[in-house]
Number of protein chains: 2
Amino acid sequence: MPKTTFFNLPDKKQKSIISAAIDEFSKASYNSASINQICKNSNIAKGSFYQYFTDKLDLYVYIITLAIEEKIKFFSSVLTEFQSLSLLEQIRMLFVKGVEFAKLYPLYAALGEQFSKENDEIAVSAVLKEGYKQSESLFMKMIDKAKSKGEINKNVDSYALNIMLQSMNNSVSEFMKNKYGEVNYEKYDEDVNNFIDSTLYILFHGIKNN
Amino acid sequence: MPKTTFFNLPDKKQKSIISAAIDEFSKASYNSASINQICKNSNIAKGSFYQYFTDKLDLYVYIITLAIEEKIKFFSSVLTEFQSLSLLEQIRMLFVKGVEFAKLYPLYAALGEQFSKENDEIAVSAVLKEGYKQSESLFMKMIDKAKSKGEINKNVDSYALNIMLQSMNNSVSEFMKNKYGEVNYEKYDEDVNNFIDSTLYILFHGIKNN
DNA sequence: TAATTATATGACCAATCGGTCTTATTGTCA
DNA sequence: TGACAATAAGACCGATTGGTCATATAATTA
């Protein structure tokens, strides 16, 4: 966690540092990201930086945690009305909300993506130790519930489905990135929704003829 | 491409350099990987290195291309008898062979994974420019053929299925890595096969009850 | 106002990076 | 053997890295 000195900073300065850090860490890996650049882009001296943070790692954990918390906050609004939905609607909701999140907070999304690719074990474990074990279990809970309600074919393996849902979640972002790149994809709502629906159709009905 | 000096080298020395490079590039990103380390681990002088390769990029492209070619070679043996198989068998074959490849050439597999996470645009485009546009189209061809044969439900969107297959392919490796990590997973054949079958069952029959 | 504490600053450090360059050694041909 | 080309070698270069530290300034307390 940042030192108290950092939190005593005027809001504008705090934001400026955070913004520069998000920028840097969303573009480069932990090792490649540069403290010097972050200092330069937020107009603070190197010495000042180390009055605010003990480490590069300190800042990294803080920034990634920020992104994770923002995503959790974003999703939590949905999760209350979630119980009443069918599994199909639940999954679609998660996909759609994921796209919305990326659209609303593209830098946070990029940050998360960068983190998922992170090689540095120390950096990764420091973030995970911070408490957020990623809500992988979310899908698992959904699956178990849906199974007990009889919504899912009993022959379906829960664990395999869980992994599939996770990877399909990624492929939605992948779809957007592949097709529209850095472009502001504000207008491509329909395309993305179609892709999600097509994917869900396959997931629910299978691809086999008859 | 390496300079002719490199190819004139005694086999043992060539192999030693390649091995050190594979080691380095499979552990770190293009930027983080260190030429110094590669020199040290292969017992050659820095100056010698630049007699063999023009660039860090030169070596990188060479090494990644090597891995891709090895994978293509590995898969090509299957692809001949491929036509006669049903779609289910084709897909299972690809998955199973992917696992086999990772088991047989773990370093090449790690290299490929590292490349798929690569941030450096110049490095990525240099590799892709080398000709290997990745056989993404392979799935697409399979799908189209299977559709025309009536093996696939007409409602299934080909492009969505294509992306799904790619991400499912990744999730198989993910499954192995998550579950067994660095361990020699020679003995886990059955687990992996079960996972593949479970995934394919879902893909073909869907998860919906009835 | 004087003393004390908190913060801001950038020169500085050793380490490492990718890459160069001069020099020493080796191999080849006449 | 002598001349010339190929290769091996590592000291060296400027740039950059994460991090330190002495010093200057600002804020706070007495």
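Because the structure is a prediction, the values reported are computed rather than measured. Here is the naming used below: chain letters follow the sequence lines, and residue numbers restart at 1 for every chain.
- The side chain of A:Lys46 lies closest to D:dG19 when the candidates are D:dG19, D:dA11, C:dA8.
- Around atom NZ of B:Lys15, no more than 12 heavy atoms belonging to other residues, nucleotides or ligands sit under 6.0 Å away.
- Listed nucleotides: D:dG19, D:dA8, C:dT20. Nearest to the side chain of B:Tyr50: C:dT20.
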Considering only distance and modelled atom types, tabulate donor-acceptor pairs under 3.5 Å from the side chains of residues 87-96 of chain A, sequence neighbours left out.
from: A:Glu89; atom 1: OE1; to: A:Ser86; atom 2: N; distance (Å): 3.2
from: A:Glu89; atom 1: OE1; to: A:Ser86; atom 2: OG; distance (Å): 3.2
from: A:Gln90; atom 1: NE2; to: A:Phe82; atom 2: O; distance (Å): 3.1
from: A:Arg92; atom 1: NE; to: A:Asp197; atom 2: OD1; distance (Å): 2.9
from: A:Arg92; atom 1: NH2; to: A:Asp197; atom 2: OD1; distance (Å): 2.6

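- Defining each end axis of the helix from C:dT1-D:dA30 to C:dA30-D:dT1 as the rotation carrying four pairs' C1' atoms onto the next four, with five pairs an end, the two axes are found to diverge by 10° to 10 degrees.
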Solution key, residues 18-37 of chain A side-chain donor-acceptor pairs under 3.5 Å, sequence neighbours excluded:
from: A:Asp23; atom 1: OD2; to: A:Lys27; atom 2: NZ; distance (Å): 2.9
from: A:Glu24; atom 1: OE2; to: A:Ser34; atom 2: N; distance (Å): 2.9
from: A:Ser26; atom 1: OG; to: A:Ile22; atom 2: O; distance (Å): 2.9
from: A:Ser26; atom 1: OG; to: A:Asp23; atom 2: O; distance (Å): 3.0
from: A:Ser29; atom 1: OG; to: A:Ser32; atom 2: N; distance (Å): 3.3
from: A:Ser29; atom 1: OG; to: A:Ser32; atom 2: OG; distance (Å): 3.2
from: A:Tyr30; atom 1: OH; to: A:Leu57; atom 2: N; distance (Å): 3.2
from: A:Asn31; atom 1: ND2; to: A:Asp120; atom 2: OD2; distance (Å): 3.4
from: A:Ser34; atom 1: OG; to: A:Asn36; atom 2: N; distance (Å): 3.2
from: A:Ser34; atom 1: OG; to: A:Gln37; atom 2: N; distance (Å): 3.0
from: A:Asn36; atom 1: OD1; to: A:Lys46; atom 2: NZ; distance (Å): 3.0

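- Taking a 4.0 Å limit (strictly below) on heavy-atom distances, residues 1-26 of chain A reaches DNA chain C at A:Thr5, A:Asn8, A:Leu9, A:Lys13.
- Using a 4.0 Å cut-off on heavy atoms, the residues of residues 53-61 of chain A that approach DNA chain D are A:Asp55, A:Lys56, listed by number.
- Straight-line distance from the OH atom of B:Tyr52 to the C1' atom of C:dT20: 17 Å, rounded to whole Å.
- For residues 28-45 of chain A, proximity to DNA chain D is found at A:Ala33, A:Ser34, A:Ile35, A:Asn36, defined as any non-hydrogen atom under 4.0 angstrom from a strand atom.
- Within a 6.0 Å sphere centred on NZ of A:Lys145, other residues, nucleotides and ligands contribute 12 heavy atoms or fewer.
- Summarising the geometry, the separation between CD on B:Gln51 and P on D:dA5 is reported as 16 Å, rounded to the nearest angstrom.
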